[in-house]
Structure formats: structure tokens, C-alpha cells
Amino acid sequence: TALDPLMMSGMPAKITADTGFDALTHAIEAYLSTYANAQTDQFSLTAIKLIFKQLPQCYHQGDDLDARQALALASCYAGLAFNKTNVGYVHAISHQIGAKYHSPHGFTNAVVLPSILEFYCQGCEQRLAEMAAVIGINTSLLSTAEAAQQFIMAVKTLQKEVAIPAKLACINQQDISELSKSALQEAHYFYPVPKYLTRQQCETILYNLCDD
């Protein structure tokens, strides 16, 4: 079958982390898309819940076939979601970095993701808070804004759990202006983003991602 966990049991831990975060990015960007609907929301939230639960297990215990099966299913659900909603700024920025420096796509998505979620935090709090609840954060005593921040912190914690760094060593600061221009051109022509990123904001995100 297409989702045979045996095919992935020997996958190196780093590739497991990168591809797991790629699927997580698909699910999150689908949930935040202005094209999202009830069906894609269900796919996205199911994928997010499964990835948070199963990615660390697959990373540390790659031969756990039940965890591999669940993670593969999550990736499939995320794909079904973003196939209808498209993606957003994480992918737009990641595509430019990958094209310029040959940085692996899933890895680049993983590093960029928290910065874009922080940008979205004012304006998309409700959706971020809903994702926080889905991954098991008790949001009952939190404000919507606090719950949104908790979700972003959970993404960063998951990054650390699977050894994803917070910075990208490949970015050359002299390329940032052109990277930003290309990323926004891609996003603003094709992606139903919930909040618009300016050229200056995009450049600031890229500078902050530089591993100086």
C-alpha cells in the first residue's frame, strides 16, 4: 500500500524530522488559509494532532511501525488539506531559500515555521488557539492570545525534540532583499494567506533567521 510503514522503518532520524515538519507545515498553513473549509479543517487538525504525538516517537524509535503508520497517515491528511487550500508564507520563503542554497525543503520549512506563526499571532489568534487545544494544551484558563502563544511555543519545543535548529546557517545577508522580493511575489500571486506580510517585515524575518 502507499502508506506502508515498512517502507519508512529505516528512514534516518534527520529525514524523519524534516519530512515530519514538512507535513506539519502543510497542515498548519492549510488550517490558516483563507480557503480553509470544514473538510480541510478536519484533515488539518487530525494531521497536527498525530504529528505532535508521533513525530518524536518516530524520531527516537524509527522502527516503531505503529508510529510510522500514524505519521504517514498524518502526512496524507495534511496533503489532502493543502491540496484544496494551498500553502502560505512558510513555503514561499522556503522555496526561495531552497532554490538559492539547495537547503532541503522540509528542513527549511521547519526552521521558518515559528517565525511566520509569530507574525500571524496578532490577527489569527483564534485559529492558533484552536490548534493549541487539539494538541492537548489546556486552554480553558487561557485567553485566546495566550493559547495562540502556547501553540507557537509547542512548535518550538517540538523543533528541539527532533533537533531542528532555530536558525539557518545557509542564508547570506546580502541575498535577503532579493529572497524577500521573490517570496512575496510567489505568495501574493498564488497563496491565500490570512494576513499580509510587507517587504520590510519579510526581510526582518530573514535577518532574524540568519545564523550569524
same_hphob_cluster([X], [Y]) at 4.5 Å side-chain heavy-atom cutoff:
X      : Y      : value
Ile97  : Val111 : yes
Tyr59  : Met11  : no
Leu117 : Leu55  : yes
Leu113 : Leu206 : yes

Does the pair Arg199 and Ser177 meet the rule for a side-chain contact (heavy atoms from CB on, under 4.5 Å), with working shown?
CA-CA 8 Å; Arg199 178 80 173 269; Ser177 178; 2.9 Å; yes

Is the shortest heavy-atom distance from the side chain of [X] to the side chain of [Y] under 4.5 Å?
X      : Y      : value
Glu178 : Lys100 : no
Leu168 : Ile171 : yes
Cys76  : Leu3   : yes

Between atom [atom1] of [X] and atom [atom2] of [Y], what is the distance when rounded to the nearest 0.5 Å?
X      : Y      : atom1 : atom2 : answer
Ile15  : Asp22  : CD1   : CG    : 12.5 Å
Glu203 : Ser180 : CD    : OG    : 4.5 Å
Met131 : Lys49  : CE    : NZ    : 15.5 Å
Glu29  : Tyr89  : CD    : OH    : 10.5 Å
Thr85  : Asp41  : OG1   : CG    : 9.0 Å
Tyr120 : Ser115 : OH    : OG    : 12.0 Å

Treating [X] as the side-chain partner and [Y] as the backbone partner, does any N or O pair qualify as donor plus acceptor under 3.5 Å?
X     : Y      : result
Thr40 : Asn37  : yes
His91 : Val87  : no
Thr34 : Pro192 : yes

Checking side-chain polar atoms at under 3.5 Å, does [X] have a donor or acceptor matched by the opposite partner on [Y]?
X      : Y      : result
Gln61  : Asp63  : yes
Glu146 : Gln150 : no
Tyr101 : Asp175 : yes
Thr204 : Gln201 : no
Gln54  : Gln69  : no
Ser103 : Thr108 : yes

Considering non-hydrogen atoms only, spot the tightest contact between [X] and [Y] and give its length.
X      : Y      : value
Leu65  : Ser9   : CD2-CB, 3.9 Å
Ile137 : Ala154 : CD1-CB, 4.2 Å
Pro56  : Ile51  : CD-O, 3.9 Å
Cys121 : Glu125 : O-CG, 2.7 Å
Phe151 : Ile48  : CE1-CG2, 4.3 Å
Ser44  : Tyr31  : OG-N, 3.7 Å

Test side-chain contact (heavy atoms from CB on, under 4.5 Å) applied to Lys167 and Cys210, step by step:
CA-CA 6 Å; Lys167 304 280 187 177; Cys210 287; over 6 Å; no

Looking at Ile116, Leu179, Asn109, which hits side-chain contact (heavy atoms from CB on, under 4.5 Å) with Ile93?
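The passing option is Ile116.
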
Exceeds 12 heavy-atom contacts within 6.0 angstrom, atom [atom1] of [X]:
X      : atom1 : answer
Tyr207 : OH    : yes
Tyr196 : OH    : yes
Gln173 : CD    : yes
Tyr77  : OH    : no

Can you see whether Phe119 has Lys195 sitting over its ring - NZ or CZ less than 6.0 Å from the centre and within 45° of the normal?
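Relative to the ring axis of Phe119, which defines the angle, Lys195 lies inside both limits.
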
Checking side-chain hydrogen bond (donor to acceptor under 3.5 Å, both in side chains) for the pair Gln96/Lys181: CA distance, chi angles, key distance, verdict?
CA-CA 10 Å; Gln96 314 317 312; Lys181 178 182 176 182; over 6 Å; no

What's the verdict on side-chain contact (heavy atoms from CB on, under 4.5 Å) for Thr46 and Val134, showing C-alpha distance, side-chain angles and the deciding distance?
CA-CA 8 Å; Thr46 301; Val134 159; over 6 Å; no

Any salt bridge linking Asp64 with Arg68? Criterion: basic side-chain nitrogen under 4.0 Å from a carboxylate oxygen.
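Arg68 and Asp64: not salt-bridged.
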
Any ion pair linking Glu161 and Lys156 (charged N to carboxylate O, less than 4.0 Å)?
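No salt bridge links Lys156 with Glu161.
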
Set out, in order, the CA-CA distance, both residues' side-chain angles and the distance that settles side-chain contact (heavy atoms from CB on, under 4.5 Å) for Leu158 and Val155, then state yes or no.
CA-CA 5 Å; Leu158 184 60; Val155 171; 5.7 Å; no

Could you check whether His105 and Phe21 have their ring centres less than 6.0 Å apart?
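No - the distance between ring centres of Phe21 and His105 does not fall below the 6.0 Å cut-off.
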
